[in-house]
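Notes follow once the structure below has been shown.
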Amino acid sequence: MTIRLPAGDGGFRAYEPRKEPLAATPGTPFTSRTVFSAAHVVADPFADSTPDSPAAVDWDATLAFRRHLWSHGLGVAEAMDTAQRGMGLDWAGAAELIRRSAAEAKAVGGLIACGVGTDQLTGPATLAEVRAAYEEQLALVEESGAQAILMASRALAAAAKGPEDYLEIYGHLLRQSAEPVVLHWLGPMFDPALEGYWGSSDLDAATDTFLEVIAAHPDKVDGIKVSLLEAQREIDIRRRLPQGVRCYTGDDFNYPELIAGDEQGFSHALLGIFDPLGPLAAEAVRVLDTGDAKGFRELLDPTVELSRHLFQAPTRFYKTGVVFLAWLAGHQSHFTMVGGLQSARSLPHFARAYELADGLGLFPDPKLAEERMKNLLSLYGVTQ
């Protein structure tokens, strides 16, 4: 049996769905790399809400998905941009998400790190207000027992006059953090409001400031997450890090080669694409744990086409594809997103995402995925 998919040019193509999923079983954490999946939130489809309303979250389904990731040995990067921080999930919702997920991680022994930002600020802010907002969120994450990820701040990008303001704010936060944190550099392709972060639109100058922050406080920086979608820049930064500071790749275009590494080092991972790829990614890292870099690449390289599709410009809407695949995979009963973001990609985009994910064997029940894809197509007026 075939399914009729829109081709994007006004025509259609026939696709024959896969019959069997990829065989991937739950397992223990990894030995050669520390790997986090940034995880999405599941909306409550029955809440009477609008795109401007506070997020209505289905907590049971949201936490069940985190248990799914932990069962495969992955860590969870919580309340990050994958969870729609600043794109449907406000600080009140993020704070509740952090509390609940941290408690769940403690109950099951799962690895968790949580995003610390300034998104409780809703208008122009002074540097003092930016610092206070960061401090409030850092305190909540530390009280929850999770590791902190200092996220890039829209408010800081707007308020900072130059590199010295970044050095002052981050230096203050690192001095007062109880445990080493992860510093997160999110590029403007993920959030246009972050253009010129670290005090310059020149990436070489910005990199120097970023590294200056780390060099001044190496004992308070567990690692960095770089999300610039430039593999060579990440490698160059990685080679300049102080001893003991890790690089967690956030490059959803080039992650296999960056995680595999070279003769001078490698990247760990903190990736949004590992939300839909969780079991397959875990299987690949376990192969890498044995020292088989070639086998690792053979498993993970074929996933890059799907990742590049989901993260294509405008990149910030990749969350829509992530949640779409979670619905097809049976991790949630509906395709609804907080903020109504399920409308952010086209039907041809969904069709190609389905085809690529099915080809990789990502759906535990291929028949269910096919039925749900057909249901979506019928809503758009596509007959089979």
Side-chain angles (χ1 to χ4, degrees), residues 36-69 76-107 110 112-123 125 129-130 132-156 184 186 190-191 193-194 270 272 275 316-320 322-324 326-327 331-344:
F36 290 94
S37 165
H40 74 281
V41 293
V42 183
D44 179 356
F46 305 115
D48 186 10
S49 60
T50 70
D52 295 326
S53 301
V57 178
D58 181 336
W59 294 111
D60 289 342
T62 294
L63 294 176
F65 187 75
R66 281 132 184 84
R67 291 194 295 272
H68 155 73
L69 294 172
V76 168
E78 188 57 277
M80 304 291 290
D81 61 295
T82 305
Q84 294 182 244
R85 287 289 288 272
M87 289 186 71
L89 187 72
D90 61 11
W91 167 235
E96 183 68 11
L97 178 63
I98 289 166
R99 293 188 192 98
R100 288 175 180 259
S101 289
E104 195 73 17
K106 185 176 181 180
I112 188 168
C114 298
V116 170
T118 64
D119 46 330
Q120 67 270 56
L121 301 172
T122 57
E129 290 169 333
V130 169
Y134 264 129
E135 289 174 335
E136 177 190 356
Q137 296 200 16
L138 178 60
L140 185 145
V141 169
E142 290 184 340
E143 288 165 8
S144 77
Q147 184 180 20
I149 302 170
L150 293 186
M151 300 171 68
S153 162
R154 293 174 180 173
L156 179 54
H184 186 191
L186 194 68
F190 288 93
D191 187 343
L194 299 176
L270 198 165
D275 179 304
R316 63 188 182 278
F317 294 120
Y318 76 87
K319 298 99 168 168
T320 300
V322 165
V323 176
F324 169 67
W327 171 56
H331 294 299
Q332 54 195 77
S333 61
H334 59 85
F335 180 35
T336 306
M337 298 178 67
V338 298
L341 209 64
Q342 67 272 12
S343 65

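Just so you know, these numbers use all the heavy atoms, side chains as well, and skip hydrogens, waters and symmetry mates.
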Legend entry - Among Asp275, Thr320, Thr82, Thr62, side chain to side chain donor-acceptor pair (under 3.5 Å) partner for His40: Asp275
Inset, instruction - Examine distances only and state if a side-chain atom of Gln84 and a backbone atom of Val338 form a donor-acceptor pair shorter than 3.5 Å. - result: yes
Legend entry - Test: Glu143 and Arg99 ion pair at under 4.0 Å: no
Legend entry - Main-chain N/O of Ala43 paired to His334 side chain as donor or acceptor, under 3.5 Å: yes
Legend entry - Sidechain-backbone polar pair: Ser153 side chain, Ala155 backbone, donor-acceptor under 3.5 Å: yes
Inset, instruction - For Gln147 and Glu142, test the side chains for any donor-to-acceptor distance below 3.5 angstrom and give the result as yes or no. - result: no
Inset, instruction - Look at the rings of Phe335 and Trp327 and say which category their plane angle falls in: under 30° parallel, 30 to 60° tilted, over 60° perpendicular. - result: parallel
Inset, instruction - May I have the step-by-step check of side chain to side chain contact (heavy atoms under 4.5 Å, CB included) for Trp59 and Leu97, ending in yes or no? - result: CA-CA 8 Å; Trp59 294 111; Leu97 178 63; 3.7 Å; yes
Inset, instruction - Could you tell me whether the side chain of Tyr134 and the main chain of Met151 form a donor-acceptor pair under 3.5 Å? - result: yes
Inset, instruction - Inspect the contact between Arg85 and Asp119 and indicate whether a charged nitrogen and a carboxylate oxygen are less than 4.0 angstrom apart. - result: yes
Inset, instruction - Kindly determine whether Leu150 and His184 satisfy side chain to side chain contact (heavy atoms under 4.5 Å, CB included), including the steps that lead there. - result: CA-CA 6 Å; Leu150 293 186; His184 186 191; over 6 Å; no
Inset, instruction - State plainly whether the residues Arg67 and Glu104 are in salt-bridge range, i.e. N to O under 4.0 Å. - result: yes
